[in-house]
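Reviewing the structure listed below.
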Amino acid sequence: MASVPSDLPSFSFGDTPELADELLKLVLIGQKTATCGDLQYYESEGLPIPKAGEQYLVLDGAGQPGCVIELIDVSIRRFDEIDEVWAVLEGEGDLSLEHWQVGHKRYFERLGVYAPDMKLVCEYFRLVKIFKKSGQDTVN
């Protein structure tokens, strides 16, 4: 894959290779257009909060390039302020707020950071490029 950008920051979704693959697949089919992370993590690691316009290389569970996304909007929200619209944008499970709450509570509990009023970095994004396993890529 000669056209994989080497200058972009990269990450994979979730906390396991299986979850990374599952969530990447949702991005690739256009169902997942948002994600969130623990604000405290950014602060404790001294990382800047992402900004609209920034692009990221999303990796699969094996660390291989899956796609490039571009952030459209970034906001800080409390866990207990997430609504049905955000749950749909995250694109997971049955797209319900209840599914989002249960799944994300479990995720943040695994990381040892869950609190109902925890602050989240909420990122809304668009898919820019998909890297196919065959080595050919598609620009959206």
Side-chain angles (χ1 to χ4, degrees):
M1 281 186 259
S3 61
V4 175
S6 60
D7 59 337
L8 292 180
S10 63
F11 74 96
S12 56
F13 291 106
D15 60 345
T16 65
E18 296 78 19
L19 188 54
D21 287 342
E22 177 186 331
L23 298 178
L24 174 60
K25 179 180 176 185
L26 295 176
V27 172
L28 297 178
I29 65 172
Q31 185 171 319
K32 181 173 183 61
T33 59
T35 193
C36 66
D38 173 31
L39 175 62
Q40 185 179 8
Y41 172 78
Y42 287 91
E43 293 172 343
S44 68
E45 296 294 318
L47 299 172
I49 304 300
K51 295 182 177 90
E54 293 178 346
Q55 292 189 347
Y56 292 86
L57 179 62
V58 181
L59 307 175
D60 66 15
Q64 297 302 306
C67 66
V68 173
I69 59 170
E70 181 176 86
L71 302 183
I72 296 169
D73 186 62
V74 179
S75 61
I76 307 296
R77 298 186 198 179
R78 288 175 19 160
F79 186 96
D80 56 9
E81 293 174 336
I82 297 298
D83 59 16
E84 294 85 0
V85 172
W86 190 260
V88 170
L89 293 174
E90 286 230 21
E92 299 170 32
D94 65 4
L95 307 181
S96 70
L97 178 58
E98 180 181 3
H99 183 277
W100 185 94
Q101 290 169 332
V102 169
H104 283 76
K105 179 180 179 188
R106 286 182 186 150
Y107 171 75
F108 289 122
E109 283 176 339
R110 286 195 306 270
L111 298 178
V113 297
Y114 173 74
D117 62 348
M118 69 185 291
K119 291 185 180 178
L120 302 175
V121 178
C122 297
E123 304 169 35
Y124 176 59
F125 58 82
R126 72 179 185 95
L127 184 60
V128 174
K129 181 176 261 193
I130 297 172
F131 300 103
K132 295 184 180 178
K133 297 273 184 214
S134 68
Q136 301 173 2
D137 38 289
T138 304
V139 177
N140 290 344

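Numbering of residues begins at 1 and proceeds along the displayed sequence. Any value given below was found using the heavy atoms of this structure, including those in side chains, with hydrogens, waters and symmetry copies removed.
Here Y107 and Y114 keep their ring centres 6.0 angstrom or further from each other.
No more than 12 heavy atoms of other residues, nucleotides or ligands shown are found within 6.0 angstrom of CD on Q40. A 6.0 Å sphere centred on CZ of R106 holds no more than 12 heavy atoms belonging to other residues, nucleotides or ligands. Within 6.0 Å of CD in E109 there are more than 12 heavy atoms belonging to other residues, nucleotides or ligands. Atom CZ of F11 has more than 12 heavy atoms from other residues, nucleotides or ligands within 6.0 Å.
Closest heavy-atom contact between G91 and Q31: O-NE2, 2.7 Å. Here the shortest heavy-atom pairing between A34 and F125 reads N-CE2, 3.3 Å. The minimum heavy-atom distance linking V4 with P65 is given by the pair CG1-CG, 3.7 Å. Residues W86 and D83 share a closest heavy-atom pair of N-OD1, 2.9 Å. Shown here for G61 and D21, the closest heavy-atom pair between the two residues is N-OD1, 2.6 Å. In terms of heavy-atom proximity, L24 sits nearest to C67 at CD1-SG, 3.7 Å.
Atom CZ of F108 and atom CZ of R110 lie 10.0 Å apart (nearest 0.5 Å).
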Could you give me the CA-CA distance, side-chain angles and deciding distance for V128 and Q55, then say whether side chain to side chain contact (heavy atoms under 4.5 Å, CB included) is met?
CA-CA 9 Å; V128 174; Q55 292 189 347; 4.0 Å; yes
Using side chain to side chain donor-acceptor pair (under 3.5 Å), reason through E54 and Y56 one step at a time and then give a plain yes or no.
CA-CA 7 Å; E54 293 178 346; Y56 292 86; 2.7 Å; yes
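No side-chain donor-acceptor contact under 3.5 Å links E92 and W100.
At least one side-chain heavy atom of C36 sits under 4.5 Å from a side-chain heavy atom of H104. Using a 4.5 Å heavy-atom cutoff, the side chains of V27 and V58 are not in contact.
Cation-pi geometry between K25 and F13 is not satisfied (NZ or CZ under 6.0 Å from the ring centre, within 45° of the ring normal).
The closest donor-acceptor contact from the side chain of K129 to the backbone of V68 lies at 3.5 Å or more, if one exists at all.
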